[in-house]
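Nothing fancy with the numbering, it's 1 onward along the sequence.
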Amino acid sequence: DDEDLAHEVVDCFLEDIPRQIAALRNFIEGGDTNGAERQAHTIKGAAANVGGERLREAAYKIEMAARGGAPLESVKACLADLEGQFDALRLAMTGDF
């Protein structure tokens, strides 16, 4: 029931995730599948903590693709979905429709 804490958590999440996504993109573009897997796992956990189920699922797909040795182009293709899911979650969290 701590509304101020809830706002603080949301604000931190919305500020941090774009940096996390940028790091994921850098790992993918650099051909670092291990880094991409770890970074996707981090995003997955953060999304789960705030109830962002679709973002969590998108991060999970990237994590599993990177872990499974999928071609980097396949992993990169999943990134657009992850970014779209973050945008949708951001809009839902901020009410900017």
Side-chain angles (χ1 to χ4, degrees):
D1 289 331
D2 190 338
E3 196 169 314
D4 290 336
L5 178 60
H7 284 289
E8 185 176 334
V9 168
V10 167
D11 290 346
C12 288
F13 174 80
L14 294 175
E15 184 179 313
D16 185 53
I17 290 299
R19 288 191 294 261
Q20 299 292 335
I21 293 172
L24 176 59
R25 179 179 299 284
N26 288 336
F27 284 125
I28 293 170
E29 290 176 355
D32 183 349
T33 55
N34 290 330
E37 179 186 347
R38 287 189 313 274
Q39 192 64 38
H41 180 82
T42 298
I43 294 168
K44 180 184 77 175
N49 285 337
V50 298
E53 184 59 24
R54 289 184 180 156
L55 178 60
R56 187 203 63 77
E57 287 176 15
Y60 178 75
K61 286 179 187 176
I62 293 174
E63 180 184 11
M64 291 298 102
R67 180 180 298 165
L72 280 175
E73 289 305 313
S74 298
V75 177
K76 188 183 275 189
C78 296
L79 191 56
D81 180 48
L82 183 131
E83 291 172 326
Q85 294 302 333
F86 172 68
D87 288 341
L89 181 57
R90 180 183 52 77
L91 289 173
M93 291 176 124
T94 62
D96 294 338
F97 293 100

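When the shell of 6.0 Å around CD of Glu8 is examined, it contains 12 or fewer heavy atoms from other residues, nucleotides or ligands.
In this structure, Glu57 does not pair ionically with Arg54, as no charged nitrogen and carboxylate oxygen lie closer than 4.0 Å.
When all heavy atoms of Leu89 and Gly52 are compared, the pair lying nearest together is CD2-CA, 3.8 Å. Residues Leu55 and Leu82 share a closest heavy-atom pair of CD1-O, 3.6 Å. Counting all heavy atoms, side chain and backbone alike, Gln85 lies closest to Ala58 at CG-CB, 4.2 Å.
Two different hydrophobic clusters hold Tyr60 and Phe86 under the rule that ILVMFWY side chains link at heavy-atom gaps under 4.5 Å. Under the 4.5 Å side-chain heavy-atom criterion for Ile, Leu, Val, Met, Phe, Trp and Tyr, Leu72 and Phe27 are members of distinct hydrophobic clusters.
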Check the pair Val50, Met93 against side-chain contact (heavy atoms from CB on, under 4.5 Å), reporting the backbone distance first and the verdict last.
-> CA-CA 10 Å; Val50 298; Met93 291 176 124; 3.7 Å; yes

Take Asp16 and Gln20 through the test side-chain contact (heavy atoms from CB on, under 4.5 Å) and record every step on the way to the result.
-> CA-CA 6 Å; Asp16 185 53; Gln20 299 292 335; 3.2 Å; yes

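Within the model, atoms CZ of Arg67 and CG of Asn34 stand 10.5 Å from one another, a figure rounded to the nearest 0.5 Å. Glu73 contributes atom CD, which lies 10.0 Å from atom CD1 of Ile28 (distance to the nearest 0.5 angstrom). One finds the CD1 atom of Ile43 at 12.0 Å from the CZ atom of Arg19 (value rounded to the nearest 0.5 Å). Separating the CE atom in Met64 from the CD1 atom in Ile62 is a distance of 11.5 Å, to the nearest 0.5 Å. Between the CD atom of Glu63 and the CZ atom of Arg38 there is a distance of 11.5 Å, given to the nearest 0.5 Å. Taken from OG1 in Thr42 to CG in Leu24, the straight-line distance is 9.5 Å, to the nearest 0.5 Å.
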